[in-house]
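Please read the structure below before turning to the comments.
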Amino acid sequence: MKTNEEKQRQSAYIPHELLKELSKAGHQLLIGIPREHDEHERRVALTPEAVDILTGYGHRILIETGAGLGINYSDNHYSESGAEIVQTAAEVYQADMILKIQPPIVEEVSLMRPRTTLFSMLELNAISPEAYAMMITKRINAIAYELIADERNSLPVMTVISEIEGTVAVTIAAELLGNTQGGKGILLGGIPGVSPTEVVIIGAGNAGTVAARAALALGACVKVFDDDINKLRDIQLDLGQGLFTSTFHPNVLQNAFLTADVIIGAMRYLNTHSRYVIAEDLIRIMKKGATIIDLRMSQGGCFETTCCLSPSDPPVFEQYGVLHYCKPHLSNRVARTTSMALSNIFVPLLTRIGDLGNIQMMIKNNEGFKRGVYMYAGKPVNEYVSAHFNMHSSNIDIFLAAF
C-alpha cells in the first residue's frame, strides 16, 4: 500500500493535460461578454489568456464580435482561446452570467433573461431609473466590481483601477504642463537650479498614494490632503518624510492651492454616506495656467467646478485660468493593461463560482463577494445603491435563507 508521501510524489508528475481534465469536474458556467455600447469604452472584463484558462476548466464563454478590438485583440484571438464568437448582443445576453464594464442601459437589460447574473462597474449616475426598475422586474442578480472584497477585507477591483488611474493622472499632468498642449511649458518634476513643480493631491487612498509616488519619482514637490489621519500616516510611512501631508485645515489648504501647479482629485465617494468637494473659491485663487485632474468624475467629481457637469459639457475646459481635465475612466488610456489586471481578479473568482456550483452558493460562502451584491433576485440589498434610487434596501441574508 502506498504511503501519503509516495502519493504526493506521484501526483507531482501528473501531466498538465491530465490536470486540465481533472479540473473540469466542477459546474459549467455560461459567461457572456458583450461589446460595450459606448464607443469610448475599450476595457474588457476578460482577455484571451483569461478565456483560455476558464475554457480549460470546462466553462463556456460567449463573446460578441468586436468586443476585444479596444485592447487590440481580434475575434480570432478569442476563438483560438476557446471562446464562442457570436454576431449579436441578443445572443450574448442569453448567457446565465454577463461580464461587462459599464453599467447596463435599458436596451441591454431588455435582452437579458430573467434571473441573469450581471457583473459590471457601479456608476450610479450612468444607471437610469428605468434600467434599474427593469432589473428588478427581471429578478436580476447584480454585482458591482468595486464593492467586492477579498479575504484581506480590501477591494481588489477598486484598488487596481485606482492604482492605474493614479499613475495615468501624473502622465496626463506632465503632458498638459508642456507647450505642445498649451500649458505653461514647465517640466513636471525638477532639475538643479529650477524650482520643482508643486503637485497637490486631494485624497490619500490608493489612487492618491500611487499618484504621489509617481510625482515624487519625477522630482515634484508633493502635498497630500485627507480627512483621515490614519491614511495620512500610512502614506507618510510608505513614501517617506519628503512628502507633505495635512488634514483639510483651511489655511494650509488655501496656501497649497495658491502655489500649486497641478491638483489631482482622488477622494473616494463610493459606498460612503458623506460627500465633500473642494470649494470653487479655492479654484479661483489658483495660478493662471495651473491644471486640475479629477479622477472621480464617474463618482460625481471632487471639485465644485467639476461636480455639476453634464454629459454634453466638454471634458477638458478652462475656468478662472485653470485647465480642468475631467475625462472619466482614465484607465481606458491603458485599456489593455487594465483588462489584464481585471482578468487576474476575475479568473479565480469565476472558477470559485464554478466549483461551488452557482452564484447563490458563492454569495453564501464568501462574505467579501456578498458585499458586492447590490441586487439579489430583483431585490435591492445595498443601502447605498438603494438610497440613490429612493428605494428600501433589504437584508440579503433573509433571501439566502430560502435556498
Side-chain angles (χ1 to χ4, degrees), residues 19-34 43-63 67 78 81-84 92-101 103-104 112-122 135 138-160 339-379 381-382 396-397 399-403:
L19 289 175
K20 289 186 70 175
E21 289 301 320
L22 290 174
S23 69
K24 292 182 179 179
H27 179 77
Q28 184 189 66
L29 302 178
L30 179 57
I31 302 167
I33 299 181
R43 300 167 295 179
V44 184
L46 296 175
T47 63
E49 294 82 2
V51 169
D52 184 52
I53 296 173
L54 291 170
T55 54
Y57 277 93
H59 302 305
R60 290 181 61 198
I61 314 288
L62 305 180
I63 299 200
Y78 278 103
S81 299
E84 302 171 33
V92 172
Y93 282 104
Q94 294 309 298
D96 303 321
M97 194 174 293
I98 302 296
L99 266 69
K100 64 192 311 293
I101 299 297
M112 295 179 192
R113 297 165 53 198
R115 295 188 178 275
T116 293
T117 296
L118 169 69
F119 290 82
S120 74
M121 295 292 188
L122 181 65
M135 290 166 66
K138 289 203 167 188
R139 296 170 292 171
I140 300 296
N141 299 313
I143 296 102
Y145 295 139
E146 304 98 313
L147 301 182
I148 297 174
D150 58 19
E151 62 276 3
R152 300 179 182 178
N153 207 32
S154 63
L155 307 173
V157 173
M158 190 75 168
T159 297
V160 75
S339 300
M340 293 169 68
L342 292 176
S343 294
N344 290 339
I345 298 170
F346 297 153
V347 167
L349 190 70
L350 293 168
T351 54
R352 179 64 175 155
I353 295 173
D355 291 341
L356 290 172
N358 55 49
I359 198 73
Q360 288 81 12
M361 291 301 297
M362 182 66 174
I363 297 172
K364 274 188 173 183
N365 288 274
N366 191 312
E367 285 295 322
F369 183 79
K370 184 166 70 174
R371 285 172 55 182
V373 182
Y374 64 92
M375 184 179 292
Y376 182 76
K379 306 294 184 183
V381 292
N382 181 286
I396 189 173
D397 293 326
F399 306 111
L400 291 174
F403 291 92

Kindly write out the residues that satisfy side chain to side chain donor-acceptor pair (under 3.5 Å) with Asp397, not counting sequence neighbours, or none if the list is empty.
Lys370
When you measure from the side chain of Ser339 to the backbone of Val44, do you find a donor-acceptor pair of N or O atoms at a distance under 3.5 Å?
yes
Checking side-chain polar atoms at under 3.5 Å, does Asn366 have a donor or acceptor matched by the opposite partner on Arg371?
no
Output all residues satisfying side chain to side chain donor-acceptor pair (under 3.5 Å) with Asn365, sequence neighbours left out; order by chain, then residue number.
none
Residues two or more places apart in sequence or in another chain: which of them pass side-chain contact (heavy atoms from CB on, under 4.5 Å) with Ile148?
Ile143, Leu349, Phe369
Partner residues of Ser343 under the side-chain contact (heavy atoms from CB on, under 4.5 Å) criterion, sequence neighbours left out:
Leu46, Thr47, Ala50
Output all residues satisfying salt bridge (Lys or Arg N to Asp or Glu O under 4.0 Å) with Arg60, sequence neighbours left out; order by chain, then residue number.
Glu84
Could you pull out all residues at least two apart from Lys138 that satisfy salt bridge (Lys or Arg N to Asp or Glu O under 4.0 Å)?
none
Can you sort out the partners of Asn344 under side-chain contact (heavy atoms from CB on, under 4.5 Å), two or more places apart, ordered by chain and number?
none
Run the side-chain contact (heavy atoms from CB on, under 4.5 Å) test against Ala67 and tell me which residues pass, sequence neighbours left out.
Arg35, Ile63
Please list all pairs passing the salt bridge (charged side-chain N to carboxylate O under 4.0 Å, His left out) test where one or both residues lie in residues 92-101, with sequence neighbours left out.
Glu36-Lys100, Asp96-Arg113, Lys100-Glu108
CD1-CD1 distance between Ile98 and Ile33, expressed to the nearest 0.5 angstrom
9.0 Å
Under the ring pair (Phe, Tyr, Trp, His ring centres under 6.0 Å) test, which residues partner Tyr145, sequence neighbours left out?
Phe346
